[in-house]
Amino acid sequence: MEIGTRYEPQSIEMKWYKHWLEKKYFTPKGAGPKYSIVIPPPNITGRIHMGHALNLTVQDILSRYKRMQGFDVLWLPGEDHAGIATQTAVEKFLATQGKSRRDYSREEFLDIVWNWADKYRKEIRKQIIAIGASVDWSRERFTLDDGLSKAVRKVFVDLYKKGLIYKGKYIVNWCHRCGTVLSDEEVEYEEEEGALYHIKYSIKGEDGYIVIATTRPETMLGDTAVAIHPSDERYKGYAGKVAILPIVGRELPIIADSYVDPSFGTGALKVTPAHDPNDYLIGQRHNLQFVDIFDDHIVINENGGQFKGMTAQQARKAIVEQLEAEGYLVKIEPLKHSVGRCYRCGTVVEPRLMDQWFVSMKPLAKRAIEAVENDEVTFVPERWKKVYLNWMNEIRDWCISRQLWWGHRIPVWQCQDCGHYNVAEEEPHVCEHCGSTNLKQDEDVLDTWFSSALWPFSTMGWPERTADLERYYPTDVLVTGFDIIFFWVARMIVMGYEFMGERPFKEVYIHQLVRDKHGRKMSKSLGNGIDPLEVVDEYGADPMRFTLAMLAAQGRDLKLDVRFLDTYKKFANKIWNATRFVLMNLDDFEKVEVKPSDLKLADRWILSRLQKATKKVTEALDGYDFNVAAGEMYSFFWDELCDWYIEAVKNRLKTSDRKIVQNVLVDVLDASLRLLHPFMPFLTEELWTKLPTAGESLVIAQWPKYIEELVDESSEAEFSRLVDMIRGIRNIRAEVNVPQSTRVKAFVKGKLTQEEQEYIEFLGNVENIEFVESRPEKCATAYVSPTIEVYVSLGTLIDISSEITRLRKKIEKMRSDMDKFAKKLYDKDFLENAPEDVVEETKEKQRTFSEQIARIEQIVTDLEETTN
RNA sequence: GGGCGCGUAGCUCAGAGGGAGAGCGUCUGCCUUACAAGCAGAAGGUCGUAGGUUCAAGUCCUACCGCACCCA
């Protein structure tokens with residue numbers, strides 16, 4: 001069976017994905033131990049990015065690994081309607097055509113978004129497929145599907161009936177660009193250059209004044225008090241007096257409240273209860289007036305008097321100018337302060353007092369906190385547990401209403417006659433309170449994350465009691481990034497316990513966020529994004545997956561440099577060519593049961609190494625150490641299988657060993673491809689199916705077992721000695737520039753097996769080894785151990801003095817290595833306190849070194865005598 | 001202000017108590033019949049700084065310096 005000399009991903013990938021789908025390998029059979037994962041549904045806003053690629057790769061590695069271990073694997077795919085993000089994207093698109101959503105009716109606009117959704121869901125599906133994700137498409141879900149919408153309504157109604165959802169007027173975050181409120185989590189704070197304005201507020205009935213400091217002078221239009229710290233000596237006696245708001249003339253009570261930080265600014269705080277969350281609390285405590293000065297577009301409203309119609313920015317400028325003109329402005333200091341912006345569009349959010357729907361989180365969080373504290377739900381890496389608990393312990397109520405059109409409409413119908421909220425899963429026609437038929441549904445939709453929170457069970461058919469729920473809930477692991485622990489993970493845990501009475505998943509594996517090679521976020525504006533689809537086109541899905549796995553250490557950032565993709569594409573090519581070599585030598589292959597007595601040193605060595613690799617990969621995957629697992633396969637395959645075993649057996653394929661070697665090669669390659677399959681599914685399937693031992697498909701092939709009987713320490717030690725001897729010879733060849741085409745003569749003092757002798761001759765490019773009692777003349781020393789020495793004859797090439805220099809350098813290096821051990825052994829404390837095996841080991845190392853050094857020194861002395 | 005993480009080879013990163021590792025890059029030599037996307041070799045490191053714990057510290061502790069991130 002011939003295959004091409006180069007690995008070409010394009011020609012193999014989609015062929016196999018199609019085949020796997022036809023065979024329905026990704027649809028669980030419903031029998032045996034189960035393993036389930038629900039996908040973090042990508043937003044339908046656009047193309048997936050490298051973060052998704054990492055997320056999908058990790059899940060696919062787990063799914064394929066477990067499938068090969070015999071689990072009945074369900075990996076459930078789907079997409080998220082992503083309320084704000086999608087509506088923003090669609091509005092941006094409409095804007096390019098000079099339109100806005102207000103040019104359409106709600107129904108017309110939703111039609112447009114549904115078209116968008118269909119288009120992008122198709123795109124996303126294609127991209128998930130391109131990565132090779134083994135998801136069960138027959139169970140694909142969308143957060144706005146009928147079933148999931150039903151789940152959303154049921155949860156809303158249930159929580160409302162339990163008194164855990166309420167409507168109320170509180171300070172919320174308003175994004176005027178998106179035209180909606182946001183939850184606290186949806187606001188991103190950043191330090192920005194601003195200014196601290198010091199403004200005089202005169203005291204009523206006195207000549208004096210009090211100077212307040214603020215970063216937002218325009219909000220003074222909504223001031224209803226001035227606050228000072230009760231124990232601030234500077235303002236002793238001020239509390240109870242009345243200040244006069246400049247320009248406006250409103251009378252403001254001066255109050256004492258310990259919230260005020262005396263060390264900030266002047267220690268006197270203007271209080272604007274309608275436009276600042278902390279001021280709001282002060283306002284409540286002191287029964288202050290709430291004056292809202294903005295409309296929905298954050299333009300000053302009628303409460304702003306002469307400034308009405310100005311934007312916040314315009315108002316700030318005008319107000320500061322007027323304050324200055326009237327002598328109220330004391331000074332303006334530059335100040336860095338944190339500014340909150342909308343996580344979807346970056347607009348500065350305005351705290352406003354609004355009537356919204358909230359989920360009361362404290363009671364719900366209780367069980368979810370307990371679960372993580374008791375390790376019913378565990379985080380990997382563990383440190384995220386603390387992050388989760390810190391947040392959950394200080395959780396605030398969740399604002400869930402959004403002034404959008406795209407999303408789950410809030411299932412509340414207010415009676416237009418009596419004002420009663422009719423909260424129901426199905427549209428009511430009569431007010432349950434007064435019997436009126438004059439009902440109007442709430443205009444708002446729910447926060448996207450409200451539906452995402454139900455994802456682990458809503459996707460499996462809840463509230464119906466389906467077979468899928470019975471079998472696959474709870475899921476085994478959730479794989480996601482740390483950026484959505486609060487948005488999503490925490491809320492899923494909450495809802496899972498509340499509605500299923502059970503955790504939604506056992507483990508949460510938090511992977512890194514993908515960044516560019518400098519550690520910056522990948523973003524369109526920086527132009528540093530790497531598009532996974534382009535990577536798949538250019539390098540192939542397998543090298544991309546392997547690259548991501550290699551980089552998936554348990555840190556916080558994954559800095560992706562395209563150079564890695566080159567490296568691992570080369571690895572894929574290496575696998576391709578190693579298989580090619582094996583296949584080229586299998587014309588007369590016959591599967592035989594290899595008996596231990598048939599095995600030669602190299603065979604025993606590679607089989608032993610394979611066992612260790614199998615064990616290491618398996619353990620690493622069980623512990624989510626993807627980089628360790630991938631790294632182990634990289635070095636086993638390349639450094640051991642290719643560089644040594646394959647090279648070592650090339651000659652043996654021409655001898656009576658051929659049959660044994662063929663069988664060992666096929667076995668080791670077969671197992672290697674299995675171990676690599678979760679990382680590189682396409683390539684391994686393509687190659688594996690060409691092996692004479694292949695079964696139907698690697699997807700459903702068995703994961704290799706660790707066979708303890710094949711672990712052979714003494715063969716490993718012996719082979720590694722052999723490797724050292726060969727390296728010693730190669731070293732000398734390289735140093736004196738003996739070209740590859742020239743064979744050198746070598747001498748050995750000591751014993752070698754026939755097999756070892758052949759390997760040294762072949763791999764060291766040496767002609768018939770001669771056994772000697774002592775070092776022959778005109779020879780360089782290649783290897784020295786207590787029992788064996790290897791010399792390379794250099795004839796006229798040898799330069800005695802440079803050989804002496806070379807050996808002296810070697811001695812020096814060995815001495816410095818040995819000194820570390822010798823020093824320890826001189827140390828009484830070490831001998832007394834270190835564990836016995838460590839002491840023994842150290843003694844052994846020291847002995848080996850000193851013997852070798854002594855021997856090389858002897859050789860140097862001999863050489864020096866020859867020159868004299 | 002509170003918290004988390006990170007400073008290891010020129011670059012990107014592994015390693016988390018007992019001889020400093022990988023890939024890329026650099027240098028030298030090879031078109032050796034699987035692979036030049038390759039092979040063989042080499043150079044390159046006070047493991048951020050200062051203390052401490054320990055027989056033993058990149059590895060554990062403390063402080064500091066620098067870089068990120070989360071929360072207020």
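To find a chain, count down the sequence lines: A is the first, B the second, and so on, and within it residues start at 1. None of the values given here were measured: they were computed from a predicted structure. Atoms considered below: every heavy atom in the structure, side chains included; atoms not considered: hydrogens, waters and symmetry mates.
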Suppose we screen for side chain to side chain contact (heavy atoms under 4.5 Å, CB included). Which residues come up paired with [X], at least two apart in sequence or across chains?
X	answer
A/Asp817	A/Lys820, A/Phe849
A/Pro786	A/Glu851
A/Ala490	A/Tyr388, A/Trp391, A/Met392
A/Leu389	A/Ile369, A/Val372, A/Glu373, A/Lys385, A/Asn393

query = So, does the side chain of A/Arg6 form a donor-acceptor pair with the base of B/A37 at under 3.5 Å?
reply = yes
task = Test for a donor-acceptor pair under 3.5 Å between the base of B/A72 and the side chain of A/Glu394, counting only N and O atoms.
result = no
message = Let's test your reading of the pairing rules: Watson-Crick or G-U wobble, both distances under 3.5 Å, then write RNA chain B as a dot-bracket string with ( ), [ ], | and dots.
response = (((.((((.[[[[.)..(..]]]].(((((.......))))).....[[[[[..)....]]]]]))).))).
Using a heavy-atom cut-off of under 4.0 Å over every strand shown, decide if [X] touches base, sugar-phosphate, or nothing.
X	answer
A/Arg743	nothing
A/Lys828	nothing
A/Asp643	sugar-phosphate
A/Leu831	nothing

What pairs with [X] under salt bridge (charged side-chain N to carboxylate O under 4.0 Å, His left out), at least two apart in sequence or on another chain?
X	value
A/Glu13	none
A/Asp397	none
A/Arg743	none

Which whole number of Å gives the distance between the [atom1] atom of [N] and that of [M]?
N	M	atom1	answer
B/G1	B/G44	P	45 Å
B/G5	B/A68	C1'	8 Å
B/U12	B/G19	P	29 Å
B/G48	B/A57	C1'	16 Å
B/C60	B/C6	P	9 Å
B/G45	B/A9	P	10 Å
B/U53	B/G17	C1'	12 Å
B/G10	B/C55	P	35 Å

Rounded to whole angstrom units, what separation is found between the [atom1] atom of [X] and the [atom2] atom of [N]?
X	N	atom1	atom2	answer
A/Glu382	B/G5	CD	C1'	15 Å
A/Ile726	B/G41	CD1	P	10 Å
A/Asn765	B/G41	CG	C1'	14 Å
A/Leu641	B/C35	CG	C1'	13 Å
A/Gln662	B/A34	CD	C1'	15 Å
A/Gln512	B/U12	CD	C1'	13 Å
A/Asn573	B/C39	CG	C1'	14 Å
A/Trp384	B/C69	CH2	P	13 Å

request  = Give a yes/no on whether any side-chain N or O of A/Trp391 is located under 4.0 angstrom from OP1 or OP2 of B/A72.
outcome  =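 Answer is no, no contact under 4.0 Å.
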query = Are OP1 or OP2 of B/C39 and a side-chain N or O of A/Lys574 less than 4.0 angstrom apart?
reply =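 Checking A/Lys574 against B/C39: at least one side-chain N or O falls below 4.0 Å of OP1 or OP2.
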query = Got a salt bridge between A/Arg216 and A/Asp276, using NZ or NE/NH1/NH2 to carboxylate O under 4.0 Å?
reply =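 No salt bridge links A/Arg216 with A/Asp276.
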query = Thinking salt bridges, do A/Glu812 and A/Arg815 make one under a 4.0 Å N-O criterion?
reply = no
query = Cut-off 3.5 Å, side chains only: do A/Tyr759 and A/Arg652 have a donor facing an acceptor?
reply =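 Their side chains do contain a donor-acceptor pair, which is all the 3.5 Å distance test asks for.
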task = With RNA chain B as reference, determine whether A/Val582 or A/Asp827 sits nearer its 5' end, using the nearest nucleotide of each.
result =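 Comparing both residues, the 5'-ward one is A/Val582.
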ask   = Nearest nucleotide by nearest heavy atom, which residue falls closer to the 5' end of RNA chain B, A/Cys642 or A/Val628?
value = A/Val628
request  = Mind jotting down which residue pairs meet the side chain to side chain donor-acceptor pair (under 3.5 Å) criterion with at least one end in residues 632-641 of chain A? Sequence neighbours excluded, please.
outcome  =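 For residues 632-641 of chain A: A/Arg609-A/Glu640, A/Lys616-A/Glu632.
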ask   = So which nucleotide from B/A72, B/G5, B/C71 ends up closest to the side chain of A/Phe486?
value =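 So the nucleotide nearest the side chain must be B/C71.
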inquiry  = Nearest to the A/Asn731 side chain among B/A14, B/C35, B/A42, which nucleotide is it?
reply    =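 Selected nucleotide: B/A42.
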A/Phe679/A/Phe571 aromatic ring centres below 6.0 Å =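 No; A/Phe571 has its ring centre 6.0 Å or more from that of A/Phe679.
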message = To the closest 0.5 Å, what do you measure between SG (A/Cys399) and CD (A/Glu186)?
response =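 The distance works out to 8.5 Å.
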key: Anti or syn - B/G7, cut at 90° from 0   =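 What B/G7 shows is an anti base, its glycosidic angle lying more than 90° from 0.
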Result block: side-chain N/O donor-acceptor pairs under 3.5 angstrom for residues 829-847 of chain A, not counting sequence neighbours:
unit_1   : atom_1 : unit_2   : atom_2 : d
A/Asn833 : ND2    : A/Asp829 : O      : 2.9
A/Glu841 : OE2    : A/Lys845 : NZ     : 3.1
A/Thr842 : OG1    : A/Val838 : O      : 2.6
A/Glu844 : OE1    : A/Arg847 : NH2    : 2.6

query = Which parts of nucleotides 18-33 of chain B does protein reach within less than 4.0 Å, heavy atoms only, written one letter per nucleotide 5' to 3' as B for base, S for sugar-phosphate only and - for none?
reply = BBS--SS-----S-B-
Residues in contact with RNA chain B, drawn from residues 534-545 of chain A - heavy-atom cutoff 4.0 Å = none
